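Working notes, beginning with the structure itself.
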Amino acid sequence: MNKAHVSIISPATAKANNGNWQTANRWANFLSMDYLIDIQQRWNGNRCDAMIALHARRSAASLADFHSRLPGRPSVLVLTGTDLYRDIHCDDDARRSLQLASRLVLLQEAGLQELDAPLRAKACVIYQSAPATVPPAENAAPDAGLMRVIMIGHLRDEKDPLTYLRAVPLVDPARTRMLHIGGALDPELAEHAQAAQRSLAHYRWLGGLPHEATRRELAQSDLLVLTSRMEGGANVIIEAVTSGVPVLATDIPGNRGMLGADYAGYFPVGKHDVLAAMITRCAGDPLYLGRLKEQCARRAPLFSPGQEQASVRRLVQDLLANQPLS
């Protein structure tokens, strides 16, 4: 029996090792048993039965070419944070992608509010996932006796690493260890990180690490900090929650859609002093830290690999129903 061929378009590559690439790679693995799958940065014109494109603006050319050359073939557009909270409101290519796509996928529920009613009718929410990790044994964890705080995100404006860097001097170095993982996509931000590392003994910038190494560092931490200005559905939140690591996150729709409206760990975008005070509270108030852990644990079932795989497979099955194969 012939298998349908699905092309996944991911502007990010494995080398970039960002959330978009992780999504593309994970979905390819979910679908590879039942379909012929390839991942491309830009569609090469191969005759395929369906397309899954990540990023409305950056994949706009691929979507447009696909619908021009293979009219009638279905497509899925997965909307990222910059799509939902910037591009679809101001960029013509991104808006055209919304119209062209047969189905829209959002990575958290709050994103639906960014879509007009006709677009919402063809949209669904699929939470991303990560396998659960076992916390390390007490004597195996580094920085014993200190609260180990970690930020994971490439150094670029949307991730706002300066808020984290400005919070570091305000927390007690005798009680905390502040770690930072992420590639230097912005040289000026890298200079800030290097300067902080030189002057602050409790701060370490580890640069960009492979995904598995990053997950190990996260699992050995006590707290994840997410300072982003915009997010579509941050993979790192999922990886923290499924590792049993509570989160302090900016109060933005994309994070609320992941952690819930009543989550007790939000801080205003750019408010480094508020972030520092919350880190200090986590280090000194076991009840508050326990509340964050309990709230994260309640969200964990949303992020199970089995649930994501079932949702992705159902989406593609529905997309290709009664579709003749090429």
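Being a predicted model, the structure only gives us computed values, none of them experimental. Index from 1, following the sequence.
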Are a donor atom and an acceptor atom from the side chains of [X] and [Y] found within less than 3.5 Å of each other?
{"X": "T176", "Y": "H202", "result": "no"}
{"X": "N29", "Y": "Q309", "result": "no"}
{"X": "S68", "Y": "D65", "result": "no"}

Looking at every heavy atom in both [X] and [Y], which two are closest together, and how far apart are they?
{"X": "V225", "Y": "Y164", "answer": "CG1-CD1, 3.8 Å"}
{"X": "S228", "Y": "E231", "answer": "OG-OE2, 2.7 Å"}
{"X": "C48", "Y": "L70", "answer": "O-CD1, 3.6 Å"}
{"X": "I39", "Y": "N25", "answer": "CD1-CA, 4.0 Å"}
{"X": "C296", "Y": "P246", "answer": "SG-CA, 3.9 Å"}
{"X": "R256", "Y": "Y266", "answer": "CA-OH, 3.2 Å"}

Exercise. Can you spot which of V245, I237, I238 makes a side chain to side chain contact (heavy atoms under 4.5 Å, CB included) with V241?
Key: I237
Quiz item: Under the criterion side chain to side chain contact (heavy atoms under 4.5 Å, CB included), which of V168, L206, L155 is the partner of H180?
Solution: L155
Do any N or O atoms from the side chain of [X] and from the backbone of [Y] form a donor-acceptor pair under 3.5 angstrom?
{"X": "T280", "Y": "V171", "answer": "no"}
{"X": "T227", "Y": "D160", "answer": "yes"}
{"X": "Q197", "Y": "H192", "answer": "no"}
{"X": "S59", "Y": "S62", "answer": "no"}
{"X": "W205", "Y": "G182", "answer": "yes"}
{"X": "Q40", "Y": "S10", "answer": "no"}

Reported [atom1]-to-[atom2] distance for the pair [X] and [Y], which is rounded to 0.5 angstrom:
{"X": "D172", "Y": "L146", "atom1": "CG", "atom2": "CG", "value": "9.5 Å"}
{"X": "L218", "Y": "I181", "atom1": "CG", "atom2": "CD1", "value": "8.0 Å"}
{"X": "Q108", "Y": "L302", "atom1": "CD", "atom2": "CG", "value": "11.5 Å"}
{"X": "D49", "Y": "L36", "atom1": "CG", "atom2": "CG", "value": "8.5 Å"}
{"X": "Y263", "Y": "R299", "atom1": "OH", "atom2": "CZ", "value": "11.0 Å"}
{"X": "D87", "Y": "D93", "atom1": "CG", "atom2": "CG", "value": "9.5 Å"}

Quiz item: Is there side-chain contact between I252 and R229, with heavy atoms separated by less than 4.5 Å?
Solution: no
Self-check item: Any M51 side-chain heavy atom under 4.5 Å of V76 side chain
Solution: no
Practice problem: Among R177, R148, R204, find the one that has a salt bridge (charged side-chain N to carboxylate O under 4.0 Å, His left out) with E217. | Solution: R148
Exercise. Among R313, K3, R314, find the one that has a salt bridge (charged side-chain N to carboxylate O under 4.0 Å, His left out) with D34.
Key: R313
Quiz prompt | E294 and R298 ion-paired at < 4.0 Å | solution = yes
Look at atom [atom1] of [X] and say whether more than 12 heavy atoms of other residues, nucleotides or ligands are closer to it than 6.0 Å.
{"X": "R166", "atom1": "CZ", "value": "no"}
{"X": "R103", "atom1": "CZ", "value": "yes"}
{"X": "R26", "atom1": "CZ", "value": "yes"}

